[in-house]
Protein chains: 2
Amino acid sequence: MPKIIVEIMPKQDLLDPQGKAVANALHRSGHTEISNVRIGKRIEIHFEREVTEADLASAREIASSFLSNDVIEDVVAITKED
Amino acid sequence: MPKIIVEIMPKQDLLDPQGKAVANALHRSGHTEISNVRIGKRIEIHFEREVTEADLASAREIASSFLSNDVIEDVVAITKED
């Protein structure tokens with residue numbers, strides 16, 4: 001099914017406690033090569049028909065105004081997938 | 001900073017209440033072209049050096065055994081980014 005994928009991450013300079021907890025746990029299990037872990041959202045928006053340029057434009061608008069909180073999050077990617 | 005991105009989604013046949021709520025809200029605001037919304041995780045694993053094939057192999061193992069719950073989630077993508 002055609003879809004648009006919106007990827008949202010916490011802003012770079014924001015503390016990410018969840019990511020920090022995962023990074024610490026990975027370090028404890030020996031993965032010391034990992035310097036940091038950050039956790040965000042991957043949102044799939046599905047369509048019953050082919051995705052158009054207009055759909056991508058409205059997905060950008062939805063992503064910034066509805067799916068993310070621009071005070072603490074950045075929309076890092078919006079991609080179309082058939 | 002070099003990183004590996006792990007993308008995890010709820011299993012296809014699993015109810016996704018959060019996604020359903022977002023889809024309903026988008027329909028109410030007029031986006032009736034959207035048939036469904038599903039919400040998953042986008043996890044960045046950062047390294048202080050270039051990412052190697054060995055890092056990708058261990059990321060696959062970490063993704064399935066630690067970052068996702070294979071009863072309710074699927075790892076849908078693992079990609080390297082410089």
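To the nearest 0.5 Å, atoms CD (A:Gln18) and NZ (B:Lys41) are separated by 7.5 Å. Interatomic distance, A:Thr79 OG1 to A:Lys3 NZ, rounded to the nearest 0.5 Å: 9.5 Å.
In this structure, chain B has a heavy atom under 4.5 Å from the side chain of A:Asp55, while its backbone stays farther away. Of the two parts of B:Val76, only the side chain, counted from C-beta on, holds a non-hydrogen atom closer than 4.5 Å to a non-hydrogen atom of chain A. Only the side chain of B:Phe66 comes within less than 4.5 Å of a heavy atom in chain A; its backbone stays farther off.
Chosen from A:His31, A:Arg38, A:Glu48, A:Glu33, the residue pairing most often with chain B at heavy-atom distances under 4.5 Å is A:Arg38. Counting heavy-atom pairs closer than 4.5 Å to chain B, the top-ranked of the candidates A:Leu67, A:Ile4, A:Val6, A:Ile34 is A:Ile34. Heavy-atom pairs under 4.5 Å with chain B peak, among A:Gly40, A:Ser58, A:Ala59, at A:Gly40. If you tally non-hydrogen atom pairs under 4.5 Å between each of B:Ile45, B:Ile62, B:Ile5, B:Ile39 and chain A, the highest count goes to B:Ile62. Options A:Asn36, A:Asp16, A:Ile8 differ in how many heavy-atom pairs under 4.5 Å they form with chain B, and the most are formed by A:Asn36.
Remark: A:Lys11 NZ is packed, more than 12 non-hydrogen atoms of other residues, nucleotides or ligands lying under 6.0 Å away.
Side-chain contact check for B:Val37 versus A:His46: every heavy-atom pair is 4.5 Å or farther apart.
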Kindly indicate, with the supporting measurements, whether the criterion salt bridge (charged side-chain N to carboxylate O under 4.0 Å, His left out) is fulfilled by B:Arg42 and A:Glu7. CA-CA 7 Å; B:Arg42 178 184 191 270; A:Glu7 298 177 55; 2.4 Å; yes
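Between B:Pro10 and B:Leu14 the shortest heavy-atom distance is CB-CD2, 4.4 Å.
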